[in-house]
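Only this structure's heavy atoms are used, side chains among them; waters, hydrogens and symmetry mates stay out. Because the structure is predicted, anything quoted here is derived from the model rather than measured.
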Amino acid sequence: MNLREATLADLPRLCEIAVAAFTGVSFFEFLYPDHHQHPAAFNAYFRTDLRNHILAPNNVVMVAEDAEMATIIAFSVWIFWPADGSLHTPRLLESNAPKVDMAKSSLRQRLSRTTTALTSRLPSWPQPGPRYPDPAGLATFTAEFARVISDIWGEQYKVHWHLRFLATEPAWQGRGAGTRLLRWGQTQAASEGLAVMLEPGSDKSHAFYMNRSFKVLGHFELGGKRYDEIYWEGEKEEEESS
């Protein structure tokens with residue numbers, strides 16, 4: 001199994017994995033309540049979202065490939081969350097990211113800013129199918145996440161590495177790809193003395209992280225269901241347990 005940074009050429013495969021892994025997950029049921037009936041629209045949402053993550057200077061999208069089949073079997077989206085919320089290309093460990101080309105990172109930053117500037121000037125044309133995400137659901141999530149940032153992260157965790165997505169092709173789940181991708185981010189965060197933060201979207205994913213030394217920091221609610229904000233702190237966790 002090999003890990004590398006994703007490229008735009010990987011988008012079709014990443015979207016396939018995202019739709020397969022996240023269909024029926026409670027968090028996505030809330031934000032995209034009719035995604036079962038509109039898989040193409042669900043795929044299109046991920047195509048836009050993941051493309052933005054690949055181009056964003058704050059983000060690193062990693063993929064796990066099966067060496068024999070030379071196919072992507074899982075991916076993760078990591079966001080370096082700086083204190084002021086500004087665009088900032090993180091310094092990655094050389095041993096942790098041998099595929100990262102700083103020239104590409106600089107180009108990615110320029111492309112991201114150019115794309116944002118251009119798309120902000122485009123008219124908003126009606127799109128067929130459902131609106132993704134659901135406007136009411138998005139408004140609720142936005143308000144709850146603002147509370148997470150102010151009340152749960154606070155000053156202590158304002159700067160951290162945030163795991164936005166971790167998705168594995170269902171047929172490959174349980175074979176270690178997700179764990180490898182998670183360890184990549186943990187290694188990066190630990191090298192900077194930072195925590196890893198995330199919000200598990202299902203009971204299954206919650207158990208996955210709890211079994212890997214994550215702890216609950218707080219919680220928020222969406223549609224009457226509780227979601228935990230969890231964290232991992234590397235060296236601090238090891239010191240407390242020693």
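Ser26 contributes a side-chain N or O that, together with a main-chain N or O of Gly201, makes up a donor-acceptor pair within less than 3.5 Å. For the pair Asn52 (side chain) and Thr48 (backbone), a donor-acceptor distance under 3.5 Å is present. Under the 3.5 Å distance criterion, the side-chain polar atoms of Asp34 are left unmatched by any main-chain donor or acceptor of Gln37. A donor-acceptor pair is defined here as one N or O able to donate and one able to accept, closer than 3.5 Å; such a pair exists between the side chain of Ser191 and the backbone of Gln188. Without hydrogens or angle criteria, Asn58 side chain to Phe80 main chain gives a donor-acceptor distance under 3.5 Å. The closest donor-acceptor contact from the side chain of Arg212 to the backbone of Phe208 lies under 3.5 Å. Under a 3.5 Å cut-off, the side chain of His38 and the backbone N or O of His35 do not form any donor-acceptor pair. Between the side chain of Arg175 and the backbone N or O of Ala171, at least one donor-acceptor pair lies under 3.5 Å.
Taking SG of Cys15 as the start and CG of Asn43 as the end, the distance is 4.5 Å to the nearest 0.5 Å. Note that the CD atom of Glu144 and the NE2 atom of His219 stand 9.0 Å from one another [nearest 0.5 Å]. Rounding to the nearest 0.5 angstrom, the gap separating the OG1 atom in Thr179 from the CD atom in Gln186 is 9.0 Å. Atom CG of Leu198 and atom CG of Leu217 lie 11.0 Å apart (nearest 0.5 Å). Annotation: the span from Leu8 atom CG to Arg51 atom CZ amounts to 6.0 Å, rounded to 0.5 Å. Distance check: Asn59 CG to Trp161 CH2 gives 8.5 Å after rounding to the nearest 0.5 Å.
By the rule that hydrophobic residues join a cluster once side-chain heavy atoms approach within less than 4.5 Å of another member, Met62 and Leu194 end up as members of one cluster. Tyr45 is connected to Val25 through a chain of hydrophobic side-chain contacts under 4.5 Å among Ile, Leu, Val, Met, Phe, Trp and Tyr, so both are in one cluster. Tyr209 and Leu181 fall within the same hydrophobic cluster, defined by Ile, Leu, Val, Met, Phe, Trp and Tyr side-chain heavy atoms under 4.5 Å apart, directly or through other members. Linking Ile, Leu, Val, Met, Phe, Trp and Tyr residues whenever their side-chain heavy atoms come within less than 4.5 Å leaves Met1 and Phe75 in two separate clusters. Following chains of ILVMFWY side-chain contacts shorter than 4.5 Å, one cannot reach Leu182 starting from Trp172, and the two form parts of different hydrophobic clusters.
With contacts defined as side-chain heavy-atom distances shorter than 4.5 Å, the pair Asp66/Ile73 qualifies. Side-chain contact between Glu5 and Val60 is present, with heavy atoms from C-beta onward closer than 4.5 Å. Proximity of Met197 to Leu163: side-chain heavy atoms (C-beta onward) are nowhere separated by under 4.5 Å. In this structure, the side chains of Arg147 and Phe220 come closer than 4.5 Å at one or more pairs of heavy atoms. Residues Leu14 and Ile54 have side chains in contact (heavy-atom distance under 4.5 Å, counting atoms from C-beta outward). Counting heavy atoms from C-beta outward, Val159 and Trp81 have side chains that stay 4.5 Å or more apart.
Glu221 is linked by a salt bridge (charged side-chain N to carboxylate O under 4.0 Å, His left out) to nothing, counting only residues two or more places apart in sequence or in another chain. Qualifying salt bridge (charged side-chain N to carboxylate O under 4.0 Å, His left out) partners for Glu29, counting only residues two or more places apart in sequence or in other chains: none.
Shortest non-hydrogen contact noted between Tyr227 and Pro200 is CD2-O, 3.5 Å. A pairwise comparison of heavy atoms in Val196 and Gly185 identifies CG2-O, 4.1 Å as the closest pair. Ala21 approaches Thr168 most closely through the heavy-atom pair CB-O, 3.7 Å. Closest approach of Trp232 to Ala190, counting heavy atoms only: CH2-CB, 4.2 Å.
The pair Arg4-Asp10 meets the salt-bridge criterion, with a side-chain N (NZ, NE, NH1 or NH2) lying under 4.0 Å from an Asp/Glu carboxylate O. Salt-bridge formation is detected for the pair Arg13/Glu169: a Lys NZ or Arg NE/NH1/NH2 atom is positioned less than 4.0 Å from an Asp or Glu carboxylate oxygen.
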Criterion ring pair (Phe, Tyr, Trp, His ring centres under 6.0 Å) on Phe141 and Phe27, from CA distance to verdict:
CA-CA 10 Å; Phe141 172 73; Phe27 177 80; 5.5 Å; yes

Phe42 and Tyr32: side chain to side chain contact (heavy atoms under 4.5 Å, CB included), yes or no, with the steps?
CA-CA 8 Å; Phe42 201 34; Tyr32 315 97; 3.9 Å; yes

List the steps, then state whether side chain to side chain contact (heavy atoms under 4.5 Å, CB included) holds for Thr7 with Val63.
CA-CA 9 Å; Thr7 69; Val63 301; over 6 Å; no

Check the pair His53, Ile79 against side chain to side chain contact (heavy atoms under 4.5 Å, CB included), reporting the backbone distance first and the verdict last.
CA-CA 8 Å; His53 284 303; Ile79 303 173; 4.0 Å; yes

Go through the steps for Met210 and Ile230 under the test side chain to side chain contact (heavy atoms under 4.5 Å, CB included), then give the verdict.
CA-CA 9 Å; Met210 290 296 102; Ile230 66 175; 3.7 Å; yes

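No hydrogens or angles considered: nothing links the side chains of Tyr157 and Glu229 as a donor-acceptor pair under 3.5 Å.
Ring pair Tyr231/Phe214: centre-to-centre distance not below 6.0 Å. In summary, the aromatic rings of Phe165 and Phe22 are positioned with their centroids under 6.0 Å apart. A centroid separation of less than 6.0 Å is found between the aromatic rings of His160 and Trp153.
Identified under the side chain to side chain donor-acceptor pair (under 3.5 Å) test for residues 193-208, with sequence neighbours left out: His162-Glu199, Gln173-Lys204, Ser202-Ser205, His206-Asp228.
The aromatic rings of Trp184 and Trp78 sit tilted, their planes meeting at an angle between 30° and 60°.
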